[in-house]
Amino acid sequence: MCGIIGCVAEEPVAGILMDGLRRVEYRGYDSAGMATISDRILTVRKGAGRVSEIEDRHRLSKLKGSIGLAHTRWATHGGVTDQNAHPQASCRELVAVVHNGIIENYVALKKALAADGHRFRSETDTEVISHLIESEYKKLKDPLRATLAATKKLKGQYAIAVMFQDRPDLLVGARKDAPLIVGVGDGKMFLASDVLAFIEHTDMTIFLDNFEVVEISKDRIKIVGRDGKEVRRKPTQVAWELSDISKSDYAHYTLKEINEQPRTVVGASVQEDGKVADFARAIRKAKSLYVTGSGTSYHAGLLMKFRLNKEAGIRCDVVVAGELKEHAAFLKRGSVVVVLSQSGETADVIDAVYETKKRGAKVLSIVNAAGSTLARESDGVLLLNCGPEVGVAATKSFTSQVVVSNLVVDAVLGKSRTNGIKELSEAVKDALGTEKKVLELVELYKDRPDFYFVARGYESPIAMEGALKLKELSYIHAEGMPASELKHGTLALIEKGTPVVVINPSGDHHADTLSSAEELKARGADVIGVSDVEDEVYAHFIRVPKVQPKFAPVVEVIPLQLLAYHTAVARKNDPDYPRNLAKSVTVK
Ligand code: G6P
């Protein structure tokens, strides 16, 4: 995955692009670069390293010109080298391209272009696009038409922004299965992979559809479809405020987002009754029902399934998005797939959506990013309303997903409105108060090679989520599973001092889970209890407030998020940039 920003304005753009680059760095951080045009000269500066390193080395923000492109890279095709960084220019630096995605037929295209005399300087699939556009531009003499013609030859996924050395007045963008958003400013226009890149300058946006190509100048926008016909689309205002994307006084976005949860759970509960009722009606009528998502969103899906099965008596399967295709035989007209996602852009998720639609089934999404591909492809949408989640590890989006899906399940059960949100918000505040205790545990266990998380029933997905957070942020091996599964193999790995987090609220499963805790203790584990009731078996205890059982995961996950975050900090990892991961994984 990569981050793109382009800008054409009445003023110098390098500073604007630099700010935007920093905002999309979460999308890729192994290389960065920028290109501008000034006095008819196209200048490209780029290299391998984090944005700040490339800025120190190449002074990107000092580039001259009122038009430019910039990029942060997460390498897929071609290693992490200076030459493979974007922008990628064509032979005579007539065309410069930044790209997010993968061109599947780049080898064949490269061969054909090389046979025509094009000389390649990188190992990237992206460079093929710049040469291809250059060759079309020579024939068609029109930037937009040339880009349209070139994209028709591409197979795969792409969001591109293109600059032409002899046209310092305009940028061209195109997309297929990767996000590209137009920002409509006053005397400046933007192309970017994420609204965050330009929100400081404008909150008016146009979301492009697949196969569309757009040409922007400082005061004009022209969009054409695959058939070359002009498409008219009005800008829409995005609701996220700039304050939402500053780190405030927090050391990292991840910590800020963890601390926002008393407020974001309330935001998630503000939904139109009619829309929630539509979801509930569709779920009740569904001939077959699936819930899907990836990573943390999948865990929220497991919670939703649990209540649908147990309380509403509705059969429902939860499948990770990357595997939904394997269940295609059961996806037909009359089926419903509920899709959970923060970004609405995760490739596995979008693939699952296309498969669902191809088979005539209905897609209902619970998503944070309003203009995302998922939101636009869905038959019904409920938004998480939790503001941008910049930290790579999902935190506030997860608790918002739990709140929204509970609203839906309550509506399925015929309960008119979920109450108790104010109390939940207070309880989340109390749960954040576990930080001091968590820090003590971090000191004790930050160097342990393995961690385990167990729970029963409705809490089991929280054990999995606790383990996922710790892996993602601290790079410590962790496993989460139902406590009942422990005895079927994993117990063999428990030795003296192994930390095991046992999530065990009061209620039906409490006694059984205590027995598991005893078994763990007998094998030498340091059992860390997370519960509203303390028991002697625990070596350490984290008290979370008692809430309605359906909301218990929301308060239980908070100390686990804090544990993962603080362990990462103690191990000197940057929690906003976990290794090998990016915010929405746009490759399969
Ligand atoms: C990535 C992130 C996970 C996230 C998953 C799904 O793998 O590292 O933290 O849960 O994507 O993201 P989504 O935006 O679809 O919820």
Side-chain angles (χ1 to χ4, degrees), residues 1-2 24 26-29 74 76 177-179 193-196 252-254 257-258 264 268 291-304 318-324 337-354 356 363 365-378 381-402 404-405 461-462 464-475 478 480 557 560-561 564-565 568 573-588:
M1 187 170 80
C2 305
V24 291
Y26 72 84
R27 300 179 61 87
Y29 36 91
W74 181 252
T76 55
D177 295 343
S193 335
D194 191 321
V195 176
L196 293 182
H252 297 97
Y253 282 111
T254 304
E257 287 158 8
I258 291 172
T264 52
V291 178
T292 195
S294 299
T296 294
S297 296
Y298 166 70
H299 296 154
L302 288 170
L303 291 172
M304 185 176 192
V318 191
V319 183
V320 289
E323 293 284 315
L324 192 74
V337 179
V338 178
V339 185
L340 294 145
S341 175
Q342 186 285 128
S343 63
E345 298 293 351
T346 304
D348 286 338
V349 171
I350 300 306
D351 262 15
V353 166
Y354 290 146
T356 305
V363 174
S365 62
I366 299 177
V367 59
N368 195 30
S372 60
T373 306
L374 172 61
R376 282 175 300 120
E377 293 289 338
S378 299
V381 180
L382 290 173
L383 294 174
L384 299 178
N385 300 326
C386 66
E389 193 175 59
V390 180
V392 179
T395 53
K396 62 177 179 173
S397 64
F398 174 73
T399 45
S400 293
Q401 285 168 338
V402 179
V404 177
S405 53
I462 297 305
M464 292 157 72
E465 177 58 12
L468 181 63
K469 281 296 84 94
L470 195 69
K471 284 187 273 200
E472 217 177 356
L473 293 179
S474 74
Y475 319 157
V557 82
L560 309 189
Q561 293 171 346
Y565 168 78
N573 303 335
D574 181 346
D576 289 342
Y577 292 99
R579 187 170 55 174
N580 290 343
L581 288 165
K583 187 72 214 176
S584 77
V585 182
T586 56
V587 289
K588 277 195 247 172

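These values consider heavy atoms only, across backbone and side chains, with no hydrogens, waters or symmetry-generated copies. Remember, it's 1-based here, ligands and their atoms both numbered in the order they're listed. Keep in mind that this is a model prediction, so the values were computed, not measured.
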Quiz item: Is it the side chain, the backbone, both or neither of T296 that has a heavy atom closer than 4.0 Å to ligand 1?
Solution: both
Practice problem: Go through ligand 1 atom by atom and flag the ones less than 4.0 Å from a non-hydrogen atom of S343. | Solution: 13 (P), 14 (O), 15 (O)
Quiz item: V392 heavy atoms, cut-off 4.0 Å: which ligand 1 atoms fall inside?
Solution: 9 (O)
Practice problem: List every atom of ligand 1 that sits less than 4.0 Å from any heavy atom of S341, numbering the atoms from 1 in the order shown and giving each element. | Solution: 13 (P), 14 (O), 15 (O), 16 (O)
Quiz prompt | Pair S297, Q342: side-chain N/O donor-acceptor within cut-off below 3.5 Å | solution = no
Quiz item: For T395 and Q561, does a side-chain donor sit closer than 3.5 Å to a side-chain acceptor?
Solution: no
Quiz item: Which ligand 1 atoms, with their elements, are less than 4.0 angstrom from a heavy-atom of A394?
Solution: 9 (O)
Exercise. For S294, take its heavy atoms, then give the atoms of ligand 1 lying under 4.0 Å from any of them.
Key: 5 (C), 6 (C), 10 (O)
Exercise. With atom 8 (O) of ligand 1 as the reference point, say which of E345, H299, E472, K469 has the nearest heavy atom.
Key: E472
Practice problem: Taking the side chain as every heavy atom from C-beta outward, state whether S405 and L303 have any pair of such atoms under 4.5 Å apart. | Solution: no
Quiz item: Any N or O of Q401 that comes nearer than 3.5 Å to an N or O of ligand 1?
Solution: no
Quiz item: Would you find a donor on one side and an acceptor on the other, under 3.5 Å apart, between the side chain of K469 and the backbone of A394?
Solution: yes
Quiz item: Any idea which heavy atoms bring V390 and E257 closest together, and the distance?
Solution: N-OE2, 2.6 Å
Quiz item: Considering all heavy atoms of both residues, which atom of A467 and which atom of A478 are nearest to each other, and what is their separation?
Solution: O-CB, 3.7 Å
